[in-house]
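One structure is given below, encoded as structure tokens.
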Amino acid sequence: EAGVTQSPTHLIKTRGQQATLRCSPISGHTSVYWYQQALGLGLQFLLWYDEGEERNRGNFPPRFSGRQFPNYSSELNVNALELEDSALYLCASSLGGTGTQSRYFGPGTRLTVT
Amino acid sequence: SQQGEEDPQALSIQEGENATMNCSYKTSINNLQWYRQNSGRGLVHLILIRSNEREKHSGRLRVTLDTSKKSSSLLITASRAADTASYFCATGLNNNDMRFGAGTRLTVKP
């Protein structure tokens with residue numbers, strides 16, 4: 001069974017540009033979560049999607065947005081990139097229903113903003 | 001905001017020793033989970049303990065939960081160099097939310 005996949009692995013952007021990160025969940029999982037992990041720090045919750053709907057959002061500005069597609073894959077968009085957006089972005093999936101299910105994480109996308 | 005607080009922030013031990021990490025939280029939970037993260041990679045789910053459970057085992061891992069003290073501990077017995085990683089606790093909250101702590105960085109020296 002394939003795990004959670006994320007693309008691209010690395011992404012280098014310039015301040016002010018937009019970044020798009022993609023995630024494919026484990027087959028059968030309907031929930032997708034996005035986290036930001038700055039270097040050496042813990043995980044900061046960004047977004048939770050389930051069955052195509054945004055269920056919860058972390059304390060991030062509106063320039064962080066996303067969506068979930070009918071096949072449950074998801075996209076995270078970051079507009080007007082700032083230097084402090086440089087981080088590892090982790091996607092996780094789980095069975096749907098509640099937000100307390102065990103998470104299965106992808107390998108992450110390393111975003112560098114210069 | 002983070003719910004769980006791991007302690008210690010960093011731990012260094014010799015191979016073969018036991019490693020104990022603690023997690024404290026603030027609000028009521030319905031479960032608590034432990035994850036491992038190897039450097040720069042995604043997290044791997046290790047174990048889930050429900051709020052009505054007190055202890056759970058998985059291989060060399062032993063997790064305890066004390067809801068009266070709002071704390072949990074993760075014990076890794078007979079540690080190996082391959083156990084070197086960051087360990088995170090995550091609390092499953094009653095509002096369907098889940099929050100991760102800041103993690104404990106474990107180094108196991110061969």
Side-chain angles (χ1 to χ4, degrees), chain A residues 2-7 9-10 21 23-26 29 31-51 53-60 86-112, chain B residues 1-10 21 23-25 27-53 56 58 61 63 65 72 85-107:
Chain A
V4 176
T5 60
Q6 291 185 246
S7 64
T9 305
H10 293 89
L21 288 65
C23 172
S24 291
I26 289 173
H29 286 187
S31 278
V32 170
Y33 311 84
W34 287 97
Y35 295 88
Q36 181 195 66
Q37 186 178 32
L39 189 62
L41 298 180
L43 278 70
Q44 300 298 320
F45 169 69
L46 274 163
L47 290 159
W48 169 28
Y49 292 97
D50 184 53
E51 296 282 2
E53 301 283 334
E54 182 180 301
R55 300 295 185 191
N56 201 0
R57 183 184 177 86
N59 189 24
F60 280 83
S86 294
L88 180 67
Y89 288 82
L90 292 167
C91 170
S93 74
S94 76
L95 295 171
T98 75
T100 60
Q101 303 271 13
S102 299
R103 310 273 201 263
Y104 294 82
F105 283 80
T109 291
R110 174 75 60 187
L111 173 64
T112 302
Chain B
S1 63
Q2 289 170 337
Q3 150 86 321
E5 296 288 338
E6 285 93 340
D7 172 62
Q9 287 187 326
M21 288 159 270
C23 171
S24 59
Y25 56 92
T27 61
S28 296
I29 62 171
N30 59 43
N31 68 54
L32 187 144
Q33 303 172 31
W34 285 91
Y35 291 79
R36 183 186 73 220
Q37 183 181 35
N38 290 85
S39 182
R41 299 194 170 187
L43 280 69
V44 175
H45 180 263
L46 295 176
I47 198 163
L48 180 153
I49 186 165
R50 302 189 192 287
S51 60
N52 61 354
E53 296 176 309
K56 206 161 184 180
S58 176
L61 305 180
V63 169
L65 178 64
S72 173
S86 291
Y87 292 82
F88 295 87
C89 73
T91 47
L93 308 178
N94 291 327
N95 64 352
N96 281 337
D97 203 355
M98 182 184 288
R99 288 287 181 257
F100 284 79
T104 291
R105 175 69 191 166
L106 173 67
T107 302

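Just so it is clear: chains get the letters A, B, ... in the order the sequence lines come, proteins before strands, and each one is counted from 1.
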For R55(A), which atoms come within 4.5 Å of any heavy atom of chain B: side chain, backbone, both, or neither?
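Interface part for R55(A): neither.
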Is chain B contacted by the side chain of Q6(A), its backbone, both, or neither, given a heavy-atom distance below 4.5 Å?
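For Q6(A), no heavy atom lies under 4.5 Å from chain B.
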Checking side chain to side chain contact (heavy atoms under 4.5 Å, CB included) against L43(B), which of W34(B), Y35(B), Y87(B) comes through?
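The option that passes is Y35(B).
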Please state whether the side chain, the backbone, both or neither of D97(B) comes within less than 4.5 Å of a heavy atom of chain A.
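For D97(B), the contact with chain A is made by backbone and side chain together.
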Flag side-chain contact, heavy atom, 4.5 Å: I29(B) against L65(B)
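Sidechains of L65(B) and I29(B): in contact.
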Using the side-chain hydrogen bond (donor to acceptor under 3.5 Å, both in side chains) criterion, which residues pair with E51(A)? Sequence neighbours excluded.
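Applying side-chain hydrogen bond (donor to acceptor under 3.5 Å, both in side chains) to E51(A) gives Y72(A).
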Got a sec, which residues hit ring-ring contact (aromatic ring centres under 6.0 Å, His included) with W48(A), two or more places apart in sequence or on another chain?
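Per chain and number, W48(A) pairs via ring-ring contact (aromatic ring centres under 6.0 Å, His included) with Y33(A).
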